[in-house]
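Below: one structure, written as structure tokens.
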Amino acid sequence: QVQLVESGGGLVQVGGSLRLSCAASGTTGRINAIGWYRQAPGQRRELVAEISKGGQITYADSVKARFTISRDNTKNTVYLQMNSLKPEDTAVYYCNAQAQIAQGYEYGYWGQGTQVTVSS
């Protein structure tokens, strides 16, 4: 199994910055990709950024040029650097890991979430 713990959320003013961390433990060698998702009140959960085992990175259009996803393999940790924050970025941010359970079969693990609130 994979366990994920998010941290780094908080209250920040418009234009400010935060860095979120996702620490993975357990069978981390089986993880193929880790992504950051967010869910605002009354909204569906959406992908923010993702980094694959091979280093491929994707971003949602709404955060391009403002957010940066990165990883530290020695610490089994993925980061999300968020700059120029907007009120629309307010949400609970979740870390997700896609892990290989068997050939041709993946399972997704979720962290508990961390709240990000951007105020004017």
Side-chain angles (χ1 to χ4, degrees):
Q1 292 187 330
V2 175
Q3 295 81 45
L4 304 171
V5 179
E6 302 100 328
S7 62
L11 176 64
V12 66
Q13 292 183 313
V14 170
S17 298
L18 285 173
R19 189 172 81 155
L20 306 183
S21 298
C22 173
S25 60
T27 55
T28 57
R30 295 181 177 270
I31 297 174
N32 289 326
I34 292 183
W36 283 99
Y37 292 72
R38 67 186 181 188
Q39 187 167 22
Q43 304 296 318
R44 65 182 62 184
R45 192 171 297 183
E46 64 175 351
L47 176 67
V48 176
E50 185 179 59
I51 183 167
S52 73
K53 187 175 183 178
Q56 298 93 329
I57 295 173
T58 58
Y59 295 100
D61 289 340
S62 60
V63 306
K64 282 183 178 293
R66 298 190 299 119
F67 291 9
T68 302
I69 189 170
S70 62
R71 67 186 179 190
D72 185 338
N73 290 332
T74 64
K75 298 180 179 179
N76 292 316
T77 300
V78 172
Y79 304 95
L80 184 67
Q81 179 67 47
M82 306 186 295
N83 299 324
S84 301
L85 284 163
K86 305 174 181 179
E88 306 93 274
D89 297 318
T90 295
V92 177
Y93 284 70
Y94 297 91
C95 185
N96 171 268
Q98 295 295 318
Q100 191 76 32
I101 304 301
Q103 185 175 355
Y105 179 63
E106 285 189 337
Y107 184 81
Y109 296 89
W110 292 93
Q112 82 287 351
T114 185
Q115 176 71 47
V116 172
T117 302
V118 184
S119 63
S120 300

Margin query: Taking CD in Q1 as the centre, count heavy atoms belonging to other residues, nucleotides or ligands within less than 6.0 Å. Is the count above 12?
Written below: no

Item checked: Y107-Y109 aromatic ring centre distance below 6.0 Å -> yes

Check: So how far is it from E106 CD to I31 CD1, rounded to the nearest 0.5 Å?
Finding: 11.0 Å

Check: Among the clusters formed by ILVMFWY side chains lying less than 4.5 Å apart, do V63 and L18 turn up in the same one?
Finding: yes

Next item on the list: State the CG-OG1 distance between N76 and T28, to the nearest 0.5 angstrom.
Entry: 4.0 Å

Checklist line | Pairs flagged by ring-ring contact (aromatic ring centres under 6.0 Å, His included) wherever residues 42-89 is involved - sequence neighbours left out | finding: none

Margin query: Using side-chain heavy atoms (C-beta onward) and a distance below 4.5 Å, is S70 in contact with I51?
Written below: no

Margin query: With heavy-atom distances below 4.5 Å as the criterion, would you say the side chains of N96 and I34 are in contact?
Written below: no

Check: Do V92 and L11 share a hydrophobic cluster (ILVMFWY, side-chain heavy atoms under 4.5 Å, transitive)?
Finding: no

Check: Side chain of T90, backbone of T117: donor and acceptor closer than 3.5 Å?
Finding: no

Check: Are Q98 and N32 close enough that a side-chain donor and a side-chain acceptor fall under 3.5 Å?
Finding: no

Note to self: A side-chain contact here means heavy atoms from C-beta on lying under 4.5 Å apart; do V14 and S119 qualify?
What the structure shows: no

Margin query: So, using salt bridge (charged side-chain N to carboxylate O under 4.0 Å, His left out) as the criterion, who are the partners of R66 when residues are at least two apart?
Written below: D89

Item checked: Residue pair L80 / V48, side-chain heavy-atom distance below 4.5 Å -> yes

Margin query: Is it the case that the side chain of R45 and the backbone of A40 share a donor-acceptor pair, with hydrogens and angles ignored and the cut-off at 3.5 Å?
Written below: no

Note to self: Working to the nearest 0.5 angstrom, can you tell me the gap between K75 NZ and N73 CG?
What the structure shows: 12.0 Å

Check: Would M82 and V116 satisfy side-chain contact (heavy atoms from CB on, under 4.5 Å), going step by step from the backbone distance to the final call?
Finding: CA-CA 10 Å; M82 306 186 295; V116 172; 3.9 Å; yes

Next item on the list: Indicate whether the side chain of Y93 and that of R38 have a donor and an acceptor atom separated by less than 3.5 Å.
Entry: yes

Item checked: Student check: side-chain heavy atoms of T68 and N83 closer than 4.5 Å -> no

Next item on the list: Starting at CZ of R30, measure out to CD1 of I101 and round the result to the nearest 0.5 Å.
Entry: 6.5 Å

Checklist line | Joint hydrophobic cluster, V2 plus V78, side-chain heavy atoms closer than 4.5 Å | finding: yes

Item checked: Gap separating the OG atom of S120 from the CD atom of Q13, nearest 0.5 angstrom -> 9.0 Å

Next item on the list: State, to 0.1 Å, how close E50 and A33 come at their nearest heavy-atom pair, and which atoms those are.
Entry: OE2-CB, 4.1 Å

Notebook entry, point to check: For Q112 and E6, what are the C-alpha separation, side-chain angles and deciding distance, and is it a side-chain contact (heavy atoms from CB on, under 4.5 Å)?
Noted result: CA-CA 7 Å; Q112 82 287 351; E6 302 100 328; 2.7 Å; yes

Check: With a 4.5 Å heavy-atom cut-off, do Y37 and R44 have their side chains touching?
Finding: no

Checklist line | pair C22-W36: side-chain heavy atoms closer than 4.5 Å | finding: yes

Item checked: Point-to-point distance, once rounded to the nearest 0.5 Å, from CG of L4 to OG of S25 -> 7.5 Å

